[in-house]
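Below, all heavy atoms of this structure are taken into account, side chains as well, without hydrogens, waters or symmetry copies. All chains are named by letter (A, B, ...) in the order of the sequence lines, taking the proteins before the strands, and each is independently numbered beginning at 1.
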Number of protein chains: 2
Amino acid sequence: MKKADTRIQKKNQAVILKAGLEVFSQYGFRGATIDQVAEAAGLSKPNLLYYFPSKEAIYTALLSQLLEHWLEPLKALDREGDPVEEILSYAKRKLAMSRDYPQESRLFANEIIQGGPRIGDVLRGELKELVDETSKVIDAWVAAGRIKPVHPYHLIFSIWALTQHYADFDVQVRAIMGDQDPFESAEDHLEVVIRRVLTI
Amino acid sequence: MKKADTRIQKKNQAVILKAGLEVFSQYGFRGATIDQVAEAAGLSKPNLLYYFPSKEAIYTALLSQLLEHWLEPLKALDREGDPVEEILSYAKRKLAMSRDYPQESRLFANEIIQGGPRIGDVLRGELKELVDETSKVIDAWVAAGRIKPVHPYHLIFSIWALTQHYADFDVQVRAIMGDQDPFESAEDHLEVVIRRVLTI
DNA sequence: ATAATATTTGACCAACTGGTCAAAGGAACG
DNA sequence: CGTTCCTTTGACCAGTTGGTCAAATATTAT
């Protein structure tokens, strides 16, 4: 039936996902409306529903697409590398993502804050697995005396918190920092903090 | 007209605010409905609207009530005290609030993530002022050589991020930590991190 | 050009939304 | 007891919401 992916289909699906990201990241799933997404996409509502069967379908498509992108940096962490530099580079990549893809971050934050009803399984499955593995690496580094002792889970949470904060609470950060670009100084701060916490 | 505050009025207003906190913190302003709040409060919708003129009135009442409570700990920071212990005690109070009032945290997070349309003025006003003052204290501590050099804004952001994360991303944290209580180990981790970052 | 297929749209619908209102039910007070 | 004021509610309303559908239009293949 809908197997053919003409270039107009690919284009419109991409346009819709982009529009959906804008709208859902700002209002959350329940707060967003199909009409808003349609308008942001420059399509009529029925036309939008020609490409995606429902509001939920757009949202979940966004979520799963986003998660892949999101977990990538953590997978890139190399147990053979220098511990501090590895963790530092992970944190910096994560901060860069907050700068370059703040909407993705806010979409995810909205979903989690609201209890993660459409993503809980992934959290308890793939995400937990990945975090558990990374934790083992961190524990090994600690045991080998290559970084100061840290609770691996909380170290990872800390990096998430410190980096995503700049995307999710962007308004608050900018309200306080005024003209200054938060991200430049944030990167320096992040590096200082991580080095002090981990370097033996 | 409505000056008399009978005890039934006080009670119902409190019940409504509590219900509003539940519902708004979970769905955000746009995602929540008056009917949900009314049901959570155990009142009929018209009865609820007898005590508050509109959905927005409940929400803004919650926001301003919450902000007072929220900024209190930062005001309690004492420039005459021991720098590390002062900052540490602030961070611990903030973490305790994430544990004891997670809904407040999520309500606030929802508002900020969605661009803070009903709170932006407070952020740029009272909040910025308070943060600026605190920053001066931190800078003075740094200048006096009593803590290691830090960017004061980012130090404050870091504490907010590290503590609120446990309330706002509760689902994610628990998905990864399973049975373990996040808050116990989080407090230890927080203390370790702050001491390593600040202690000379 | 013609037929088949893919895309777009206006009109429509039932359910839900925030909010109103007049009337009914209670509490308090002389 | 009756009156006044506070509280509660069922019925209602206009606007919005997610979603449908048949018909119109554009694209593609033959």
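Side-chain rings of B:Tyr166 and A:His154 approach one another, their centers coming within less than 6.0 Å.
Here the OH atom belonging to A:Tyr51 is positioned 8.0 Å from the CD atom belonging to A:Gln13, to the nearest 0.5 angstrom.
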Show me the protein contacts with nucleotides 28-30 of chain C, counting only N or O atoms at under 3.5 Å.
none

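You won't find any donor-acceptor pair under 3.5 Å spanning the side chain of A:Lys55 and the base of D:dG19, going by distance alone.
Between B:Tyr50 and D:dT8, a side-chain N or O to OP1/OP2 separation shorter than 4.0 Å is absent.
One finds a salt bridge joining B:Arg174 and B:Asp170 here, because a Lys/Arg side-chain nitrogen approaches an Asp/Glu carboxylate oxygen to under 4.0 Å.
With distances taken from any side-chain atom of B:Pro46 to the nucleotides D:dT9, D:dT17, C:dT8, the minimum falls on D:dT9. The side chain of B:Asn47 approaches D:dT9 more closely than any other nucleotide in the set D:dT9, D:dG19, C:dA6.
The separation between B:Phe52 atom CZ and D:dT8 atom P is 14 Å, rounded to whole Å.
Among the atoms of the strands shown, none is found under 4.0 Å from any heavy atom of B:Ala38. Within the nucleic acid shown, A:Ala57 has no heavy atom closer than 4.0 Å to any nucleic acid atom.
Between the side chain of A:Ser105 and the backbone N or O of A:Asp168, no donor-acceptor pair lies under 3.5 Å.
When only modelled atom types and interatomic distance are considered, B:Gln180 and A:Tyr153 share no side-chain donor-acceptor pair under 3.5 Å.
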